[in-house]
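Okay, so here's the structure we're looking at.
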Amino acid sequence: MTQNRKIRTLFTTLAAGALAITVAACVGERSQTPPFYDDMARVDGQVDAANAAQMISQYRMNNGLSPVTADPQLSAIAKSQADAMAAAGSVQASLAPNQQLATRMASIGEPRTGAAENVSAGYRTFAEAFSGWRESPKHNQVLLTRDATRLGIATAYAPNAKHKVFWSLVMAGPKPAQ
């Protein structure tokens with residue numbers, strides 16, 4: 001075999017290997033489900049708050065509003081709401097005095113912070129919930145809360161309830177100075 005032919009064979013082998021690695025990497029990426037399509041209809045389902053904040057922020061910016069960031073304390077009070085609804089098997093549980101948004105905001109030391117909340121049930125993914133909220137004038141109004149800078153979001157799963165997955169989204173203004 002000539003030196004040129006050996007070099008061509010080596011080059012072809014390396015190129016084929018690189019192509020195989022590239023294809024394998026692409027296939028691996030395609031098989032991963034984006035977080036907004038994760039199915040929340042499971043006991044360990046947990047919505048990705050940072051991803052939700054990014055998607056909601058883009059929507060808000062498209063509507064001339066400021067972006068929002070995920071806030072762990074707001075997610076904690078959203079989780080208490082979602083858990084209460086799942087335990088009752090109904091969004092009506094959100095109307096209980098201890099589940100009122102003002103009560104939960106006070107529980108995290110923010111009794112005067114402006115906040116709004118979406119509660120819903122039945123959506124299995126964040127993408128479905130987000131689409132549903134945008135299409136509902138009252139829920140959309142919460143997404144587009146003018147002074148919001150932060151959000152908290154959570155789900156809870158109730159396998160025996162009619163709607164299975166319960167959602168709470170809390171949108172709030174800036175955290176008060178301490």
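From a predicted model like this one, the values you see are computed outputs, not experimental measurements. Below, all heavy atoms of this structure are taken into account, side chains as well, without hydrogens, waters or symmetry copies.
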Are the side chain of [X] and the backbone N or O of [Y] linked by a donor-acceptor pair below 3.5 Å?
| X | Y | result |
| --- | --- | --- |
| Ser75 | Pro72 | no |
| Asn63 | Leu65 | no |
| Asn118 | His139 | yes |
| Ser131 | Ala127 | yes |
| Thr145 | Ala148 | no |

Do you know the tightest heavy-atom contact between [X] and [Y]?
| X | Y | value |
| --- | --- | --- |
| Met85 | Val91 | SD-CA, 3.7 Å |
| Pro159 | Lys164 | O-NZ, 2.7 Å |
| Ala82 | Phe166 | CB-O, 3.7 Å |
| Ser80 | Ile77 | OG-O, 2.9 Å |
| Tyr123 | Gly132 | OH-CA, 3.3 Å |
| Gly89 | Ala161 | CA-CB, 3.9 Å |

Ring geometry between Trp133 and Trp167 (parallel below 30°, tilted from 30 to 60°, perpendicular above 60°):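 Geometry flag for Trp133 against Trp167: perpendicular rings.
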Are the side chains of [Y] and [X] in contact, using a 4.5 Å heavy-atom criterion?
| X | Y | value |
| --- | --- | --- |
| Ile56 | Gln58 | no |
| Gln46 | Thr155 | no |
| Leu74 | Met105 | yes |
| Gln81 | Val170 | no |

Say you draw a straight line from [atom1] of [X] to [atom2] of [Y]; how long is it, rounded to the nearest 0.5 Å?
| X | Y | atom1 | atom2 | result |
| --- | --- | --- | --- | --- |
| His163 | Ser90 | NE2 | OG | 8.0 Å |
| Asn140 | Arg134 | CG | CZ | 8.5 Å |
| Ser57 | Met55 | OG | CE | 11.5 Å |

Under 3.5 Å side-chain donor-acceptor pair for Gln100 and Thr103: no
Test item: side-chain donor near acceptor, Ser168 and Glu117, under 3.5 Å: yes
Listed once per pair and sorted, the salt bridge (Lys or Arg N to Asp or Glu O under 4.0 Å) pairs that draw on residues 57-66, sequence neighbours left out: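 For residues 57-66, and leaving out neighbouring residues, there are no salt bridge (Lys or Arg N to Asp or Glu O under 4.0 Å) pairs at all.
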CZ/Arg146: more than 12 non-hydrogen atoms of other groups inside 6.0 Å: no
More than 12 heavy atoms from other groups under 6.0 Å of CD on Gln54: no
Single-linkage hydrophobic cluster Ile108~Val68, side-chain heavy atoms < 4.5 angstrom: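 No.
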Co-membership, hydrophobic cluster, residues Val119 and Leu143, 4.5 Å side-chain: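 No; tracing contacts between hydrophobic side chains, which count when under 4.5 Å, never links both residues.
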Ring centre gap for Tyr59 and Phe130 strictly below 6.0 Å: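 Yes, they do, as the ring centres are separated by less than 6.0 Å.
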Residues Leu151, Leu169; criterion side chain to side chain contact (heavy atoms under 4.5 Å, CB included); working and verdict: CA-CA 7 Å; Leu151 68 74; Leu169 168 70; 4.2 Å; yes
Partner residues of Asp71 under the side-chain hydrogen bond (donor to acceptor under 3.5 Å, both in side chains) criterion, sequence neighbours left out: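 Counting only residues at least two positions away or on another chain, Asp71 forms a side-chain hydrogen bond (donor to acceptor under 3.5 Å, both in side chains) with Arg150.
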Other cluster members, Leu95 - Ile/Leu/Val/Met/Phe/Trp/Tyr, side-chain contacts below 4.5 Å: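 Leu95 clusters with nothing; isolated.
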